[in-house]
Amino acid sequence: MLSVLIWLPIFAALLVAILPVSIPKNRIRLIALIFSGIVLFWNLFILLKFDISNPGMQFKEYLPWNETLGLSYQIGVDGLSILMLVLNSLLTWIAIYSSSKETERPRLFYSMILLVSGGVAGAFLAENLLLFFLFYELELIPFYLLISIWGGAKRGYAGMKFLIYTAVSGALILATFLGMVWLSGSTNFAFDAFSTENLSTAKQILLLAGIVLGFGIKIPLIPFHTWLPDAYVEASAPIAILLGGVLAKLGTYGLLRFGLGMFPHAWSIIAPTLAIWGAISAIYGAVVAIAQKDIKRMVAYSSVGHMGYILLAGAASTPLALVGAVAQMFSHGIILAILFHLVGVVEAKVGTRELDKLNGLMSPIRGIPLISALLVLSGMASAGIPGLTGFIAEFLVFQGSFSAFPIPTILCVVASGLTAVYFVILLNRTCFGRLDNFAYYPKVLWPEKIPALILAAFIIFLGVQPTWLVRWSESTTTTMVAAITPLEKTVISEVALK
């Protein structure tokens with residue numbers, strides 16, 4: 001059942017890649033769209049079959065692969081990964097749908113997107129460390145090509161920078177996985193085949209440091225974030241949606257799955273440092289976003305800030321905070337996706353992303369009032385306005401983290417307030433303001449509006465019905481918190497109060 005989410009996109013990628021050159025570009029796009037749509041509907045079917053009361057892995061599949069290496073095809077889904085799978089398939093469909101019908105080299109373009117979708121799904125489903133690493137690295141070259149070929153003026157620089165940073169991330173993670181198995185004396189890389197409890201505290205912290213650094217680059221956390229603005233800004237809008245909405249979630253997912261999940265004792269020791277790190281990232285991302293003149297770069301830096309909330313929640317390790325972390329991962333994904341899509345539409349119609357050159361887009365004279373209205377909605381969601389999905393995710397994170405780390409939580413609340421500042425700046429200068437001319441921009445067609453309308457529907461629905469956002473992860477996150485012994489929880493509280 002779960003294998004469909006991995007191998008159907010990969011099969012579709014191979015099929016699209018070998019299509020005859022004579023097939024029109026829009027037909028190739030349609031084929032990719034159909035396959036991604038099938039994956040999305042299958043993902044929703046699995047979601048409906050998912051047992052929210054079961055904290056463990058469900059729909060498990062196992063196939064021996066290479067017993068000498070301890071590598072097996074072992075996959076499953078739990079409350080930590082089910083929403084990430086839905087997010088991956090949804091944004092893949094959105095990215096393909098929102099791409100231009102005149103995209104150059106469409107066979108390569110759509111095959112790379114589908115390959116990324118299959119690799120990301122495999123990483124979220126893997127129950128074997130080596131299998132996770134293989135899928136984790138599968139997206140590296142496709143994303144590099146998607147940035148370097150179809151990106152902006154500095155696409156070569158941005159693509160190479162992304163490639164180097166992501167390769168270092170993968171090397172750190174592989175070294176840590178090998179160290180985990182070697183030091184524990186196990187010969188199998190399956191998640192349940194070894195335990196870190198028998199390792200000394202020093203060894204646990206050393207291995208956990210590799211996990212935190214490796215996935216911290218992927219998230220990214222400061223000071224490993226410098227690849228993000230270049231990659232997000234130079235990538236086309238559909239690829240930016242996948243970079244921010246899906247790829248970054250591999251980092252936060254890995255941090256919770258392998259950091260908190262496999263090193264609960266060491267995690268509790270470094271938790272105060274992680275909480276401070278998350279708060280600094282949140283403040284830094286918000287402050288730098290305020291200073292930006294390019295609205296796409298502003299949205300990119302907002303992502304750095306919002307990722308800090310997830311690190312804070314993971315550090316707090318309370319049931320409410322972890323539920324909030326998963327909710328924030330999903331909410332951030334759809335909010336960032338709609339922002340990048342709308343920024344792409346504005347750039348295509350107006351011809352610029354510069355704040356100093358944009359004004360009055362909400363006016364009917366400009367011809368894009370609906371896009372401007374959706375941009376306002378998206379900014380409000382990102383700023384955590386009540387009634388939208390961003391609010392409930394941030395509220396759960398802050399409410400669940402305050403008891404463990406009050407000062408870092410307050411700093412993150414301040415960062416959330418700064419989010420409102422830079423989005424007010426963005427919206428005031430782009431959507432409102434006195435018209436400096438009476439230019440009427442090209443009309444936005446309904447097919448161009450559909451991705452934003454779909455994402456806006458998710459933002460509003462999950463904001464007024466937050467149960468549909470948090471119910472999937474409650475059992476799993478509660479079990480993860482229970483793995484941290486009462487003594488370790490006491491240590492976290494005592495350190496937080498000092």
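Position 1 is the first residue of the sequence; numbering continues from there. Computed from heavy atoms alone, side chains included, the values below leave out hydrogens, waters and symmetry copies.
For S117 (side chain) and I113 (main-chain N/O), no donor-acceptor pair under 3.5 Å exists by modelled atom type. The main-chain N or O of G400 is found under 3.5 Å from a side-chain atom of T318 such that the two form a donor-acceptor pair. Panel note: side chain R29, backbone Y97; a donor-acceptor pair is recorded below 3.5 Å. W93 contributes no side-chain N or O that, together with a main-chain N or O of I38, makes up a donor-acceptor pair within less than 3.5 Å. Formation of a donor-acceptor pair under 3.5 Å by the S475 side chain with backbone atoms of P55 is not found in this model. One N or O on the side chain of N43 and one on the backbone of L85 form a donor-acceptor pair closer than 3.5 Å. A distance-only check finds a donor-acceptor pair linking the side chain of Q58 to the backbone of D51 [under 3.5 Å]. In this structure, the side chain of N26 does not engage the main chain of K101 through any donor-acceptor pair within 3.5 Å. Judged by distance alone, with hydrogens and angles left aside, the side-chain atoms of S331 form a donor-acceptor pair with the main-chain N or O of A327 at under 3.5 Å. At least one donor-acceptor pair closer than 3.5 Å links the side chain of S372 to the backbone N or O of L361.
Closest non-hydrogen pair, F391 versus P386, comes out as CG-CA, 3.5 Å. The two atoms that bring E137 and T166 nearest to each other are OE2-O, 4.2 Å, heavy atoms only. Residues S382 and E394 share a closest heavy-atom pair of O-OE2, 3.5 Å. Minimum interatomic distance between A275 and A315 (heavy atoms only, all atoms of both residues): N-CB, 3.7 Å. Nearest heavy atom pair, residue V326 against residue M84, reads O-CE, 4.1 Å. Nearest heavy atoms, A316 versus A321: CB-CB, 4.1 Å.
Counting heavy atoms from C-beta outward, F35 and P9 have side chains that stay 4.5 Å or more apart. With a 4.5 Å cut-off on side-chain heavy atoms, L453 and L374 count as touching. Counting heavy atoms from C-beta outward, L377 and I460 have side chains that approach closer than 4.5 Å. Residues L247 and K218 are in side-chain contact: their nearest non-hydrogen atoms beyond the backbone lie under 4.5 Å apart. In this structure the side chain of L243 never reaches within 4.5 angstrom of the side chain of L146, judged on heavy atoms. Looking at V304 and V288, their side chains never come closer than 4.5 Å, going by heavy atoms from C-beta outward. In this structure, the side chains of V346 and T430 stay at 4.5 Å or more apart for every pair of heavy atoms. In this structure the side chain of D356 reaches within 4.5 angstrom of the side chain of K293, judged on heavy atoms.
The distance between the ring centers of F215 and Y136 falls below 6.0 angstrom. Residues Y422 and Y301 keep their aromatic ring centres 6.0 Å or farther apart. Ring to ring, F162 and Y144 are not that close: their centroids are 6.0 angstrom or more apart. Checked against a 6.0 Å centroid threshold, the rings of F132 and F258 count as neighbours. For F398 and Y309, the distance between ring centers is under 6.0 angstrom.
Separation of atoms CD1 (I96) and CZ (F109) is listed at 8.5 Å; rounding is to 0.5 Å. With values rounded to the nearest 0.5 angstrom, K60 atom NZ is found 10.5 Å from D78 atom CG. Here the CG atom belonging to L250 is positioned 8.0 Å from the OG1 atom belonging to T252, to the nearest 0.5 angstrom. The line from CG of L322 to CG of L260 is 6.0 Å long, rounded to the nearest 0.5 Å. The CZ atom of F41 sits 10.5 Å away from atom OG of S36, with the distance rounded to the nearest 0.5 Å. The CD1 atom of I310 sits 5.0 Å away from atom CD of Q328, with the distance rounded to the nearest 0.5 Å.
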*Check against side chain to side chain contact (heavy atoms under 4.5 Å, CB included), V77 and M57*: CA-CA 5 Å; V77 63; M57 290 289 182; 5.5 Å; no
query = Given the rule in the side chain to side chain contact (heavy atoms under 4.5 Å, CB included) test, do T352 and E354 qualify, once you have shown the distances and angles that lead to the verdict?
reply = CA-CA 6 Å; T352 183; E354 295 297 322; 3.6 Å; yes
| field | ring-ring contact (aromatic ring centres under 6.0 Å, His included) between F340 and Y232, intermediate numbers included | value | CA-CA 9 Å; F340 276 132; Y232 284 21; 5.7 Å; yes
Requested in this report: Would you please test F135 and V120 for side chain to side chain contact (heavy atoms under 4.5 Å, CB included) and show each step?
Outcome: CA-CA 7 Å; F135 284 123; V120 170; over 6 Å; no
Is there a side chain to side chain contact (heavy atoms under 4.5 Å, CB included) between F330 and L462? Walk through the geometry before answering.
CA-CA 10 Å; F330 186 86; L462 296 177; 3.5 Å; yes
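The aromatic rings of H225 and Y284 lie perpendicular to each other, with more than 60° between the two planes, well past the 30° mark. A perpendicular orientation is assigned to the rings of Y253 and F124, their planes being inclined by more than 60° (bins at 30° and 60°).
Within a 6.0 Å radius of CZ in F458, no more than 12 heavy atoms belonging to other residues, nucleotides or ligands are found. Atom CZ of F50 has more than 12 heavy atoms from other residues, nucleotides or ligands within 6.0 Å.
With hydrogens and angles left out, the side-chain atoms of W150 and T103 include no donor and acceptor closer than 3.5 Å.
Contact check on D230 versus R155 returns no salt bridge, with no Lys/Arg side-chain nitrogen under 4.0 Å from an Asp/Glu carboxylate oxygen. Salt-bridge check for E347 with R353: passed, with a basic side-chain N closer than 4.0 Å to an acidic carboxylate O. We find that E448 and K443 are not joined by a salt bridge, their nearest charged nitrogen and carboxylate oxygen being 4.0 Å or further apart.
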